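In what follows, a structure is listed as structure tokens, so that the remarks can point back to it.
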Amino acid sequence: RPTLISFNAAISACEKGQQWTTALALWEDAGRRRLEPTTITYNALISALEKGRQWPMALSALATMRPSSACADVITCSAVISACEKGHRWEAALGVLRGMGGMLLS
């Protein structure tokens with residue numbers, strides 16, 4: 001039976017292999033198994049989305065992180081900002097940067 005650590009490693013491997021769709025499928029599978037994502041899980045997913053130039057999904061993942069028990073950190077915000085930059089969405093990147101002040105960054 002896979003653990004959250006297994007999913008984190010697999011999602012991270014997808015990021016390195018530029019397989020954002022597989023990373024997203026793994027994320028969804030972990031959710032179906034009722035595994036609670038950690039900051040590491042979010043960072044792996046958002047980094048995979050950033051590499052895949054999926055800025056809207058990266059922003060969406062960040063938004064779902066805020067009400068969860070996982071806290072955004074510098075890696076999280078940097079990956080989302082980079083995804084926005086790759087999508088030529090400087091306004092969204094600026095919004096994330098501004099929002100960092102209200103987040104609990106660890």
Side-chain angles (χ1 to χ4, degrees):
R1 175 173 155 105
T3 65
L4 185 60
I5 293 169
S6 308
F7 277 100
N8 290 348
I11 293 168
S12 182
C14 290
E15 178 253 325
K16 288 166 182 50
Q18 298 186 14
Q19 299 295 317
W20 71 268
T21 55
T22 305
L24 191 58
L26 287 165
W27 169 269
E28 292 167 350
D29 188 23
R32 282 190 296 276
R33 294 172 187 263
R34 301 186 194 284
L35 297 173
E36 186 70 31
T38 64
T39 302
I40 293 168
T41 316
Y42 276 99
N43 286 350
L45 175 66
I46 291 170
S47 292
L49 294 170
E50 177 258 328
K51 292 284 189 301
R53 299 177 182 268
Q54 300 301 310
W55 66 270
M57 288 188 211
L59 285 170
S60 178
L62 179 63
T64 64
M65 186 177 199
R66 290 186 180 145
S68 81
S69 59
C71 293
D73 61 12
V74 173
I75 295 168
T76 315
C77 294
S78 294
V80 175
I81 289 169
S82 179
C84 292
E85 179 267 329
K86 287 178 179 173
H88 305 285
R89 300 292 189 231
W90 65 268
E91 300 95 342
L94 189 57
V96 172
L97 186 61
R98 285 185 179 140
M100 287 173 67
M103 290 182 198
L104 297 174
L105 295 178
S106 39

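On a predicted model such as this, the values are computed, not experimentally measured, just so you know.
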Can you find a heavy atom in the side chain of Pro37 that is under 4.5 Å from one in the side chain of Trp27? yes

Return yes when atom CD1 of Ile40 has more than 12 non-hydrogen atoms of other residues, nucleotides or ligands closer than 6.0 Å, and no otherwise. no

In a table with atom names and distances, give each donor-acceptor pair under 3.5 Å that connects a side chain of residues 53-65 to protein atoms at least two apart or in another chain.
residue, atom, partner, partner atom, Å
Gln54, NE2, Gly52, O, 2.9
Thr64, OG1, Ala61, O, 2.8

If you measure from CD1 on Ile46 to OG on Ser82, what distance do you get to the nearest 0.5 Å? 12.0 Å

Taking only residues two or more places apart in sequence, or in another chain, which ones meet Arg33 in a salt bridge (charged side-chain N to carboxylate O under 4.0 Å, His left out)? Asp29

Quick check: does any side chain N or O of Ser47 sit under 3.5 Å from a backbone N or O of Asn43, one acting as donor and the other as acceptor? yes

Pairs touching residues 3-12 that satisfy side chain to side chain donor-acceptor pair (under 3.5 Å), sequence neighbours left out: Thr3-Ser6, Asn8-Thr41, Ser12-Lys16

Heavy-atom donor-acceptor pair, Glu28 side chain to Leu26 backbone, under 3.5 Å: no

Can you confirm whether Glu15 sits close enough to Ile11 that some side-chain heavy atom of one is under 4.5 Å from a side-chain heavy atom of the other? no

Does a sphere of radius 6.0 Å around CD1 in Ile75 hold more than 12 heavy atoms from other residues, nucleotides or ligands, not counting ones at 6.0 Å or beyond? no

Does the side chain of Thr39 come under 3.5 Å of the side chain of Asp73 through a donor N or O and an acceptor N or O? no

Could you tell me whether the side chain of Cys14 reaches within less than 4.5 Å of the side chain of Trp20, counting heavy atoms only? no

Leu94, CG atom: more than 12 neighbouring heavy atoms under 6.0 Å: yes

